There are 2 protein chains.
Amino acid sequence: MIKPRSRRGGGRPTISDVARKAGVGAITVSRALREPVRVSEELRRQILAAVEELGYVPDPNARALASARAEVFGVLVPSLTNNVFAEVVRGIYDSLSDSPFRIQLGNTHYSGLEEERLLQLFGSQRPAALIVAGIDQTPTSRKLLENAGCPVVQVMETGPDPVDMMVGFSHLDGGRTATEHLIEAGYRRIGFIGARMDPRSQRRLAGYRAAMERAGLFDPRLVTTTPVLSSVSLGRELFRDALAKMPTLDGVFCNNDDIALGVLFECHRASIDVPKTIGIVGFNDLEMMQVAFPSITSIRTHRYEIGRRAVAMALAAIAGDRPQERVVDLGFELKRRESTAR
Amino acid sequence: MIKPRSRRGGGRPTISDVARKAGVGAITVSRALREPVRVSEELRRQILAAVEELGYVPDPNARALASARAEVFGVLVPSLTNNVFAEVVRGIYDSLSDSPFRIQLGNTHYSGLEEERLLQLFGSQRPAALIVAGIDQTPTSRKLLENAGCPVVQVMETGPDPVDMMVGFSHLDGGRTATEHLIEAGYRRIGFIGARMDPRSQRRLAGYRAAMERAGLFDPRLVTTTPVLSSVSLGRELFRDALAKMPTLDGVFCNNDDIALGVLFECHRASIDVPKTIGIVGFNDLEMMQVAFPSITSIRTHRYEIGRRAVAMALAAIAGDRPQERVVDLGFELKRRESTAR
DNA sequence: GGCATTCTTGGTAGCGCTACCATTCGAACC
DNA sequence: GGTTCGAATGGTAGCGCTACCAAGAATGCC
């Protein structure tokens, strides 16, 4: 089972094989691959031919070791199945697919401790950039990010005091806008239904509260939350709880679209008229919101674009021109639909 | 005038720093970390103390280079946002979070060419294992997998002739079971609605067809498909097309739950009674299927478990004991719900 | 024409770690 | 008591690549 030391890599061609075949020095091959302009037209052709013929693929580990810099983007998200983060991740992947950069994706499970652990781990690879979801890192995580020695982009939210760069939007404004829309539409006993209640959910709740207080409508009994992970069935249950607690409820701002969908289904089931008896607003605007019956008003957020923008900013910073704007607010859009068209 | 190259890595402690501090050889530190039993109790304690004090984290790149083996699982899926693959990926992440293995995730966008490119790229890292979705690799991809020199697990489906190992279930049987259920429930003009039509969808269609033909009910006009990426709104549109083409339709087997949801919403919108006028069966059993009104019959597939099992098999193979069963069929379950309860 | 400058190319010396072998030492064995 | 053996530890030599410097050729300048 133990292979001889030479060719430990299982016979894969190395840069020296290519160099020999092309009749040049190894370093020239390296340059031809990384900085083509620094190698003469002719040699470059010979080298590329040799690369092709041997099927040479550079070893990223050796490369990283020699250059003290891995061509890796570290990406940290709190969930892999939540469509919201999946979209951001997709934007990141799509933006990097033609670049030499690989992606190291970590799942923090909404845990600060897990985030610290992963940051520690990622740091050991000397990544080219780090993209992390959220702006509420623990002090330890923040320090790790500050000392990472690479561009850092915090995504999903904007806020003061970025570690380095930020792309996102204001969840507080989003919550406020959603709530104000319900108020304008004539709803009065407007509930807030939220699950998981991570920091972004908290800020959406704060936006809801601000709008309600401003209109003189706030009542703590209108708020129904749980730390449990969000789901459609949970939305249904929380809505039933909310109704039991406050039978005069005539509208709900849901922390996210899954909850909103659960509310809608429960309304169907209980023959509650939407939007007449109850108005519903979701958050994120998943694709199905506009197809639902009735279609559901939601706050559209630009998740995919956040991913793309984060990569663009990181790449710019790597290339040396750090963007003027260190905090980019991509905003959101209120999508008015049938669920609030009273 | 020779400047020391030392500390290119930005002052991060190395294994020699730890060795010096603990008063041992570098190799002993390496062993203490990787094979603790081979180092005496006492030295181990000293070394771990030094590691702790210096905040030493091994450089995975150097490790990979020296050992000709990276502690990386390569994972290839066709989509990052499709909940089905997200669940599999989550299972993989959860199973590996306590192991030293990192994950390299690739998105093939349902493209064979992209899969080849990524396999090539992943191979250059000498991964510890490869997990790929599907069993329909191109000949080139198959060769790359066979020559990867590491355990390979094909997931999502079972079939003959695995590259190495497989975990999944039979999509053909799934399609057949779903269709037979509709037939048994008394539906006759049962349509098939499918989007994207990747190989797994094709086999679900084949299962549908087999069941329909066996019952003497098959009619090609009952089949409505498109290569377009699946979505809820697409489900709605396809259902309208199907109805226009075949107004006597009384049931649909949907390629996946997104489509089924689109169909359900369109039925609401057009006041078509479900399950009386139209019966609906989905595929995958997303969480919301049981909350929908009416709740939607679906084929539950064990995506998270597939991810976990794939990792378990790969880890076993890495440890040297290749499982007896190279092909594991995790099956599926028909979840009967209101949408077919005529 | 002499000298500085740029453009190409190559040699050397590691990057941080581990495979392989060598060495030491105490215990087991005959 | 000498030999054998295994356990514990260390030294050496790379893994495949690139940073750094050097050197030669080509070009520009006065």
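Because the structure is a prediction, the values reported are computed rather than measured.
With the end axes of the helix from C:dG1-D:dC30 to C:dC30-D:dG1 each set by five pairs, the angle from one to the other reads 30° at 10° resolution.
Applying the 4.0 Å criterion to OP1 and OP2 of C:dG10, one finds that A:Thr28 has a side-chain N or O inside that range. Residue B:Ser40 has a polar side-chain atom (N or O) positioned under 4.0 Å from OP1 or OP2 of D:dT9. One finds a side-chain N or O of A:Ser30 lying less than 4.0 angstrom from the OP1 or OP2 phosphate oxygen of D:dT18.
Taking atom CD on B:Glu71 and atom C1' on D:dC15, their separation rounds to 16 Å, with Å as the unit. Per the geometry, CG belonging to B:Asp17 stands 13 Å off C1' belonging to C:dC17, to the nearest Å. Put simply, CG on A:Leu43 is 13 Å from C1' on C:dC7, counting in whole angstrom units. The CD1-P distance, from B:Ile27 to C:dT23, rounds to 17 Å in whole Å. Spacing between atom CD of B:Gln46 and atom C1' of D:dG10 amounts to 15 Å, rounded to whole angstrom units. In this structure, B:Asn61 places its CG atom 14 Å from C1' of C:dT18, rounding to the nearest Å. Atom-to-atom, CD1 of B:Ile15 to P of D:dG10 comes out at 12 Å; the value is rounded to the nearest Å. Here C:dC20 presents its C1' atom at 12 Å from CZ of B:Arg34, a figure rounded to the nearest Å.
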Take B:Thr108 and B:Ser111, measure what side-chain hydrogen bond (donor to acceptor under 3.5 Å, both in side chains) needs, and give me the verdict at the end.
CA-CA 6 Å; B:Thr108 67; B:Ser111 151; over 6 Å; no
B:Glu41 and B:Arg44: salt bridge (Lys or Arg N to Asp or Glu O under 4.0 Å), yes or no, with the steps?
CA-CA 5 Å; B:Glu41 177 70 22; B:Arg44 201 187 322 155; 3.8 Å; yes
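A side-chain donor-acceptor contact under 3.5 Å links A:Arg34 and A:Ser30.
Taking only side-chain atoms of A:Ala66, from C-beta outward, the nucleotide of C:dC17, C:dG14, D:dC15 with the closest atom is C:dG14.
Between B:Arg38 and B:Arg63, the residue anchored closer to the 5' end of DNA chain C is B:Arg63, taking for each the nucleotide with the nearest heavy atom. In terms of position on DNA chain C, the residue among A:Val24 and A:Ala62 whose nearest nucleotide sits closer to the 5' end is A:Val24.
For the pair A:Val311 and A:Arg308, the minimum side-chain heavy-atom distance is 4.5 Å or more.
At a cut-off of 3.5 angstrom, the base of D:dG10 holds at least one donor-acceptor pair with the side chain of B:Arg31.
Under the 4.0 Å criterion applied to side-chain N and carboxylate O atoms, B:Glu157 and B:Arg200 are assigned as salt-bridge partners.
The side-chain hydrogen bond (donor to acceptor under 3.5 Å, both in side chains) test with B:Gln137 is passed by exactly one of B:Glu116, B:Arg142, B:Gln154: B:Gln154. In summary, of the residues considered (A:Glu114, A:Glu115, A:Gln120), a side-chain hydrogen bond (donor to acceptor under 3.5 Å, both in side chains) with A:Arg117 occurs for A:Glu114 alone.
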